[in-house]
Structures are given as structure tokens and as C-alpha cells.
Protein chains: 2
Amino acid sequence: MNTEPFLNLDRLIHEKGRLAMMSLLAASTEVSFTELRDTLSMTDGNLTTHIRTLQEAGYVAVTKSFQNNRPLTTCTLTPKGRAAFSAYIDLLEQIVRQSKTP
Amino acid sequence: MNTEPFLNLDRLIHEKGRLAMMSLLAASTEVSFTELRDTLSMTDGNLTTHIRTLQEAGYVAVTKSFQNNRPLTTCTLTPKGRAAFSAYIDLLEQIVRQSKTP
DNA sequence: CCATTTCACTTTGATTGGCAAAGTAAATTC
DNA sequence: GAATTTACTTTGCCAATCAAAGTGAAATGG
């Protein structure tokens, strides 16, 4: 068995919540705080910290604005984040393929 | 996007180290402590706790014996562990497929 | 032989990380 | 104008990871 893919899994992405976030962001162009929270049924606090983690990694860009006199936080994947996610998915693919071929 | 696969990922398996362990165990019939440690380049302490975690979950069976007058700990997947791993891999497959089809 | 080292683990703090309860500020409702 | 709702952020707790140190038995070296 090849252990490389496991060792190379990006810790920042390899977490249920953040993996789901990255997948959502990769699928759509931009997603709001409330959309993320409701779609992934996360608590507000939990989501805030995950967003910050990904932001500090340079994986997502966060835009804060106002809409209908209410704060609106939207997230998008940065090119760096998209690349990291793509690489991560490739590793997952290897892991799946590996375990499916005995 | 379907968020179900993410939410259902088994926490006990979804950790780099333990995922690698489970994959190794799924591939071979039984693996020794030292093999696991060396193959996955883990520290001893780290490996012990991961083994215990999986054992307490009923995912791996641990056998302690002696060989050449030295302790020998070998791990195997239980049927429960095999089922859990299989389910986990199926979810990974869904996640990969999902992200590959825009 | 006795001391030291090696081997195969286990136990132990220490740091990190995830998570939700509580907090904040502005707008809305009653 | 008091209470509630919305959209977050901050704080604190608890669990989990990780490696350094510890253990006990065997092998090695002087």
C-alpha cells in the first residue's frame, strides 16, 4: 500500500466542517455566512472560526458588506484555495481507488 | 450540493493517522505495531492511542503475544471495522464524484 | 557479570482544536 | 420603547492529538 496520499492530506481541509465548506465554495461562486451555516447546520461560533481558519490560510476570501441594512458576509475560494482543494480531492481519489482494488 | 456525505463521515476513521491505519488493515490481514509505526512514520505514543481508540470502537482486534522473546502486538480489522471503513470509503467516493462534476 | 543499550510498547503532560454558550450591535416588531 | 430577531464575534470548556518521558524485558559490550 502507498501511504503517501494519507501523509499529504492537507490538515486545514481535512476536517468535516471545513471540507464541506470548501466543497460548497468550489461548487458555487460565492456563499454567504448564513447559507453556509444553514446548509451545513453549524452553529454560528463554529462557522466563524472555520471561516477564519480558511481565511488565514489564504484559502477563502471574505467580503463584509450590508444588504437590507443587515451585515452580509460572503466567502469565495481564492485561487490558492481552489488549488489546495483540487489537490486534496485528488488525494482522496487515490485513497478511494487504492482501497477499492484489493 | 448534497451535504449528507460530509455530515455522515465517521469521526473515528476521519483522521489522517487512523484512516491510514484502517486502510493498511483493510489491505492486509494483520499488521504488527512496529509495521504500523514504521510504515506510517508515527511515534510510538501516538500509535498506541490510535490503536486504543479503534479498539474501543470495536473496529480493530488487538492480539498481544511474544515472538523471539519480544512482545508482539498485532492488529486486525473486525467485521464491524471493515463495515465502517467500507461505508466511510463510499462516502469519500461520493464526495470526490460530487466535486468532480460541476 | 554488570552496565548500557535496544526494543516494544505505555503513560504522562502539554498544546492544539473543535464546539457551543454567551456576548454584541444594529434593526425590526410589538 | 422594550423585547425580539438577525448576523455575526468572543470566550471558555472539553476532547483529541502528539511526543517526551517512563517501563520492563532482552541483548550487547567491556
Side-chain angles (χ1 to χ4, degrees), chain A residues 3 6-25 30-76 84 88, chain B residues 3 6-25 30-76 84 88:
Chain A
T3 60
F6 303 97
L7 306 174
N8 290 332
L9 287 174
D10 186 338
R11 275 225 137 61
L12 292 169
I13 302 180
H14 190 69
E15 194 273 332
K16 286 172 66 146
R18 289 194 297 266
L19 174 55
M21 285 179 60
M22 293 290 283
S23 298
L24 255 177
L25 291 169
E30 66 174 14
V31 187
S32 69
F33 184 94
T34 51
E35 273 182 282
L36 283 170
R37 184 196 55 196
D38 297 343
T39 311
L40 309 174
S41 28
M42 278 186 189
T43 57
D44 295 14
N46 195 2
L47 179 56
T48 302
T49 53
H50 281 320
I51 288 177
R52 181 159 39 230
T53 300
L54 293 174
Q55 186 184 10
E56 279 167 2
Y59 288 178
V60 310
V62 179
T63 311
K64 287 166 193 298
S65 62
F66 277 85
Q67 200 160 58
N68 306 328
N69 285 333
R70 297 211 155 277
L72 176 69
T73 301
T74 57
C75 303
T76 56
Y88 177 88
Chain B
T3 60
F6 302 96
L7 306 174
N8 289 332
L9 287 174
D10 187 337
R11 272 225 137 62
L12 292 170
I13 302 179
H14 189 71
E15 194 272 333
K16 285 173 66 145
R18 289 195 297 266
L19 174 55
M21 286 179 60
M22 295 289 284
S23 298
L24 255 177
L25 291 170
E30 65 174 14
V31 188
S32 70
F33 184 94
T34 52
E35 274 182 281
L36 283 169
R37 184 197 56 198
D38 297 343
T39 311
L40 309 175
S41 29
M42 279 186 188
T43 58
D44 296 13
N46 196 359
L47 179 56
T48 302
T49 52
H50 281 320
I51 288 178
R52 182 161 36 231
T53 299
L54 292 175
Q55 186 184 9
E56 281 168 0
Y59 288 177
V60 310
V62 179
T63 311
K64 285 166 194 298
S65 62
F66 277 84
Q67 201 160 59
N68 307 326
N69 286 331
R70 297 211 155 278
L72 177 67
T73 301
T74 56
C75 304
T76 55
Y88 177 88

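Since the structure is predicted, the reported quantities are computational estimates derived from the model, not experimental observations. We name chains A, B, ... by the order of the sequence lines, and we start the count at 1 in each one.
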Salt bridge (Lys or Arg N to Asp or Glu O under 4.0 Å) partners for B:Asp44, two or more places apart: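 Residues passing salt bridge (Lys or Arg N to Asp or Glu O under 4.0 Å) with B:Asp44: B:Arg37.
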Is there a residue in [range] whose heavy atoms reach under 4.0 Å of DNA chain D, and which residues are they?
{"range": "residues 38-46 of chain A", "value": "A:Asp44, A:Gly45"}
{"range": "residues 49-67 of chain A", "value": "A:Arg52, A:Lys64"}
{"range": "residues 30-37 of chain B", "value": "none"}

Atom pair CG/CZ of A:Leu47 and A:Phe33 - distance to nearest 0.5 Å: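 Between A:Leu47 CG and A:Phe33 CZ, I get 4.0 Å after rounding to 0.5 Å.
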Spacing of A:Leu24 atom CG and A:Met21 atom CE [to the nearest 0.5 Å]: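 The CG atom of A:Leu24 sits 8.5 Å away from the CE atom of A:Met21.
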Where B:Asn46 and B:Thr43 come nearest, the two heavy atoms and their spacing: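 Residues B:Asn46 and B:Thr43, closest heavy atoms: CB-OG1, 3.0 Å.
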Using the test side chain to side chain donor-acceptor pair (under 3.5 Å), find all partners of [X] that sit at least two apart in sequence or belong to another chain.
{"X": "A:Gln55", "answer": "none"}
{"X": "A:Ser32", "answer": "A:Thr34, A:Glu35"}
{"X": "A:Glu30", "answer": "none"}

Where chain B begins and ends its contact with DNA chain D, read 5' to 3' at 4.0 Å from heavy atoms: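 Contact boundaries, 5' end first: D:dT17 to D:dA26.
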Does the side chain of [X] reach to within under 4.5 Å of the side chain of [Y], using non-hydrogen atoms?
{"X": "A:Val62", "Y": "A:Thr74", "answer": "no"}
{"X": "A:Thr76", "Y": "A:Leu25", "answer": "no"}
{"X": "A:Cys75", "Y": "A:Val31", "answer": "no"}
{"X": "B:Met42", "Y": "B:Leu36", "answer": "no"}
{"X": "A:Thr49", "Y": "A:Ile51", "answer": "no"}

Phosphate contact (C:dC9 OP1 or OP2) by B:Thr48 side-chain N/O below 4.0 Å: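 Checking C:dC9 against B:Thr48, no side-chain N or O comes under 4.0 Å of OP1 or OP2.
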Distance, rounded to the nearest Å, where B:Asn68 contributes CG and C:dC9 contributes P: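 The answer, rounded to whole Å, is 12 Å.
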Near-strand residues of residues 6-19 of chain A, defined as heavy-atom separation under 4.0 angstrom from DNA chain C: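 Within residues 6-19 of chain A, the residues near DNA chain C are A:Glu15, A:Arg18.
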Donor-acceptor pairs under 3.5 angstrom involving side-chain atoms of residues 6-17 of chain B: please list them, not counting sequence neighbours.
{"from": "B:Asn8", "atom 1": "ND2", "to": "B:Glu4", "atom 2": "O", "distance (Å)": "3.4"}
{"from": "B:Asp10", "atom 1": "OD1", "to": "B:Leu12", "atom 2": "N", "distance (Å)": "2.9"}
{"from": "B:Asp10", "atom 1": "OD2", "to": "B:Tyr59", "atom 2": "OH", "distance (Å)": "2.6"}
{"from": "B:His14", "atom 1": "ND1", "to": "B:Tyr88", "atom 2": "OH", "distance (Å)": "2.7"}
{"from": "B:Glu15", "atom 1": "OE1", "to": "B:Gly17", "atom 2": "N", "distance (Å)": "3.1"}
{"from": "B:Glu15", "atom 1": "OE1", "to": "B:Arg18", "atom 2": "N", "distance (Å)": "3.0"}
{"from": "B:Lys16", "atom 1": "NZ", "to": "A:Leu7", "atom 2": "O", "distance (Å)": "3.0"}
{"from": "B:Lys16", "atom 1": "NZ", "to": "A:Leu9", "atom 2": "O", "distance (Å)": "2.8"}

Touch class at under 4.0 angstrom, heavy-atom based, for B:Leu72 against every strand present: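 If one applies the 4.0 Å heavy-atom cut-off, B:Leu72 turns out to touch the sugar-phosphate alone, with no base involved.
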Listed once per pair and sorted, the salt bridge (charged side-chain N to carboxylate O under 4.0 Å, His left out) pairs that draw on residues 48-68 of chain A, sequence neighbours left out: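 As it turns out, there is no salt bridge (charged side-chain N to carboxylate O under 4.0 Å, His left out) pair with a partner in residues 48-68 of chain A once direct neighbours are skipped.
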